[in-house]
Amino acid sequence: MRRISWMLAMVLVLSALLAACGKKDAAAVVKDLNEVVGEMESYQGAGVMTLHTGETPQQYKVEVWHQKPSYYRIALTNAKKDVTQIVLRNDEGVFVLTPSQNKSFRFQSDWPDNQGQVYLYETLIRSITGDTTRQFADEKESYVFDVAANYNTHALVRQKIWLNKSDYAPKQVEVSDSNANVVVDVKFDSFKFGAEFGKDAFDMQRNMTAATEEGNKTETDAGAAPAEKTDDAAGQQPANPQATPGSEGTGGAVDGQTGVSEGTDQQGTQGAEGSEGATSGQGTEEPTVAEPQEAESFGVIQPTYAPEGVKLKDDQILEEAGDYSVLLRYEGTYNYTIFEARPQDRAVSLAPSRLVDLGFTAGMISGDALQTLTWTSDGVEYRITSADLPENEMVRIATSMQEESGK
């Protein structure tokens, strides 16, 4: 009887040791993650990102492609409005494309090396490996890390990252504010290491024409793989063949505040604001040669957020030569203006500028002493301009304007 009890005890001890050997701790997982990133050649992921920054959550379909050494393609699609914007990096630079508007902004930037996004695998792994105070949990099918958030904004403080145990692919990310409220949530539907892409998958012009053709044919998400399109799209041209996206031409006088040509009627409305934004050398734009059409009214879109001590001074609806635009002026602790307009279709080259992640889209920061944040949403172009408004406040204001309707 004693012999049986002793043997049973030994079996239990050995079972416990074997179970312990098969369980990884945080240090072992971090070591594996460094190896995965070091050996990674490419990946392709897709999922849904939810922003909890307003009264109602906003959902976006996200598609991410990456191929060494530094090729990226991110397609963000508003799930409600089915409007897609593409952030692209290739040998020519970093681009923000809005195919439905035939708009292309080019940057002199090392993005995403200097600024990560919550849906980029490298960014998530850097957050894990770089936080020595990381918290770790071993769940049934996932390794879960709770680490500091590093997204260049004071509003995002912590993040939880779920990684698949089998291959360390991301499953979910939750980014929270200082009150532990989830602000951004990303759920990956699929993620594949070693993905293969067509030779023109990261080509700027291919993405512009292929996405436009796809939208015209099916009115579905324009983020489908360019390699899967027909060759007919490659021969298409933007509205102005002389203004190919990414070209460095000079299409007339340039508003240094925004890098937008004053050759269109839209830019004439800047006179109502005065010349406070006039600085030179920010970039060039070539408008399309199509005859200007009367712009559609979209009302006055006001942000739901303003920094403490700031109030709206006045708003003006500007209608000149068939062009409709809006100017909002704020004063107080910070002084800034918001300009809104529905631009004509055109291809754009803007430099130097810096890409800023707004969550729902990509924005562009230009200027030094006087800075301008530019972005487009639902066919409307927005610009926040200020000499004293911090960048993180610009981002909060921009985010609060998403999903707002004209009043």
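Fair warning: this is a prediction, and the values are worked out from it, not measured in the lab.
Of all heavy-atom pairs between Arg89 and Trp111, the closest is NH1-O, 2.6 Å. In terms of heavy atoms, Leu370 sits closest to Ala387 at CD1-N, 3.6 Å. Here the closest heavy-atom approach between residue Met49 and residue Gly359 is recorded as CE-O, 2.9 Å. A pairwise comparison of heavy atoms in Arg134 and Thr129 identifies NH2-O, 3.3 Å as the closest pair. Val157 approaches Ser178 most closely through the heavy-atom pair CG2-N, 3.5 Å. Residues Leu389 and Ser386 share a closest heavy-atom pair of N-OG, 2.9 Å.
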Chi angles and distances behind the side chain to side chain contact (heavy atoms under 4.5 Å, CB included) call for Leu373, Leu358: CA-CA 10 Å; Leu373 170 63; Leu358 301 180; 4.3 Å; yes
Might you work through the side chain to side chain contact (heavy atoms under 4.5 Å, CB included) test for Glu340 and Met401, ending with a clear yes or no? CA-CA 11 Å; Glu340 308 167 3; Met401 298 178 71; 3.4 Å; yes
Using side chain to side chain contact (heavy atoms under 4.5 Å, CB included), reason through Val94 and Leu355 one step at a time and then give a plain yes or no. CA-CA 9 Å; Val94 178; Leu355 187 145; 4.1 Å; yes
Mind running side-chain hydrogen bond (donor to acceptor under 3.5 Å, both in side chains) on Tyr72 and Gln117 for me, showing each step along the way? CA-CA 12 Å; Tyr72 289 89; Gln117 270 71 30; over 6 Å; no
How far apart are the C-alpha atoms of Arg396 and Glu391, what are their side-chain angles, what is the distance that settles it, and do they pass the salt bridge (Lys or Arg N to Asp or Glu O under 4.0 Å) test? CA-CA 9 Å; Arg396 290 191 66 182; Glu391 181 177 316; over 6 Å; no
Apply side chain to side chain contact (heavy atoms under 4.5 Å, CB included) to Val96 and Trp375, showing your working. CA-CA 10 Å; Val96 176; Trp375 77 98; over 6 Å; no
Applying ring-ring contact (aromatic ring centres under 6.0 Å, His included), run through Phe197 and Trp65 and close with a yes or a no. CA-CA 9 Å; Phe197 304 105; Trp65 301 350; 5.3 Å; yes
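Side-chain atoms of Asn90 come within 3.5 Å of backbone N or O of Phe202 as a donor-acceptor pair. Judged by distance alone, the side chain of Lys68 and the main-chain N or O of Met40 form a donor-acceptor pair under 3.5 Å. Formation of a donor-acceptor pair under 3.5 Å by the Asp200 side chain with backbone atoms of Asp203 is not found in this model. In this structure a side-chain-to-backbone donor-acceptor pair under 3.5 Å is missing from Asn78 to Tyr60. In this structure, Thr337 contributes its side chain and Arg329 its backbone to no donor-acceptor pair below 3.5 Å. When atom types are taken as modelled, the side chain of Ser400 and the backbone of Thr304 share a donor-acceptor pair closer than 3.5 angstrom.
Surrounding CD of Glu331 are more than 12 heavy atoms belonging to other residues, nucleotides or ligands, all under 6.0 Å away. In the displayed structure, Glu139 atom CD is contacted under 6.0 Å by more than 12 heavy atoms of other residues, nucleotides or ligands.
Donor-acceptor pairing under 3.5 Å is recorded for the side chains of Asp91 and Tyr71. Using modelled atom types and a 3.5 Å distance limit, the side chains of Tyr168 and Glu35 yield no donor-acceptor pair. Side-chain atoms of Gln159 and Tyr151 form a donor-acceptor pair, as typed in the model, at a separation below 3.5 Å. Side-chain contact check for Thr385 and Thr372: at least one donor-acceptor pair (N or O, by modelled atom type) lies under 3.5 Å.
Of the inter-residue distances, the one linking Ile384 atom CD1 with Glu393 atom CD reads 10.5 Å to the nearest 0.5 angstrom. Between the CG atom in Leu97 and the CD atom in Gln205 there is a gap of 9.5 Å [rounded to 0.5 Å]. Here CD of Glu63 is found 11.0 Å from CG of Asp189. Values are rounded to the nearest 0.5 Å. We find the CG-CZ distance between Asn164 and Phe188 to be 12.5 Å, quoted to the nearest 0.5 Å. Atom NE2 in His52 sits 9.5 Å away from atom OG in Ser176 (nearest 0.5 Å). Rounded to the nearest 0.5 Å, atoms OH (Tyr336) and CD (Gln371) are 15.0 Å apart.
Under the 4.5 Å side-chain criterion, counting only non-hydrogen atoms from C-beta, Thr84 is not in contact with Leu76. Put simply, the side chain of Tyr305 does not reach to within 4.5 Å of the side chain of Thr399, judged on heavy atoms. Contact check for Ile338 versus Leu327: no side-chain heavy atoms found under the 4.5 Å cut-off. Here the side chains of Ser142 and Leu163 are not in contact, with every heavy-atom distance at 4.5 Å or above. Proximity of Val87 to Pro112: side-chain heavy atoms (C-beta onward) are nowhere separated by under 4.5 Å. Residues Pro307 and Ile397 meet the side-chain proximity criterion, which asks for heavy atoms closer than 4.5 Å. Looking at heavy atoms from C-beta onward, Asn207 lies in side-chain contact with Arg73 at the 4.5 angstrom threshold. In this structure, the side chains of Leu328 and Gln316 stay at 4.5 Å or more apart for every pair of heavy atoms.
The existence of a salt bridge linking Asp32 and Lys24 is confirmed by a sub-4.0 Å separation between a basic side-chain nitrogen and an acidic carboxylate oxygen. Salt bridge Glu174/Arg158: absent, no basic N to carboxylate O contact under 4.0 Å. Salt-bridge formation is detected for the pair Asp185/Lys187: a Lys NZ or Arg NE/NH1/NH2 atom is positioned less than 4.0 Å from an Asp or Glu carboxylate oxygen. The existence of a salt bridge linking Asp146 and Lys160 is excluded, since no basic side-chain nitrogen approaches an acidic carboxylate oxygen closer than 4.0 Å. Salt-bridge check for Glu381 with Arg383: passed, with a basic side-chain N closer than 4.0 Å to an acidic carboxylate O.
Partner of Asn34 under the side chain to side chain contact (heavy atoms under 4.5 Å, CB included) criterion, out of Val30, Val36, Val37: Val30 alone.
Ring-plane geometry between Phe191 and Tyr121 is classed as tilted, the angle between the planes lying from 30 to 60 degrees on a 0 to 90 degree scale. The aromatic rings of Phe193 and Tyr43 sit perpendicular to each other, their planes meeting at more than 60°, with 30° as the lower class boundary.
A cation-pi arrangement, defined by a distance under 6.0 Å to the six-membered ring centre and an angle within 45 degrees of its axis, is absent between Lys311 and Tyr330.
For an aromatic pair to be called close, the ring centres must be under 6.0 Å apart, and Phe105 with Phe95 fails this.
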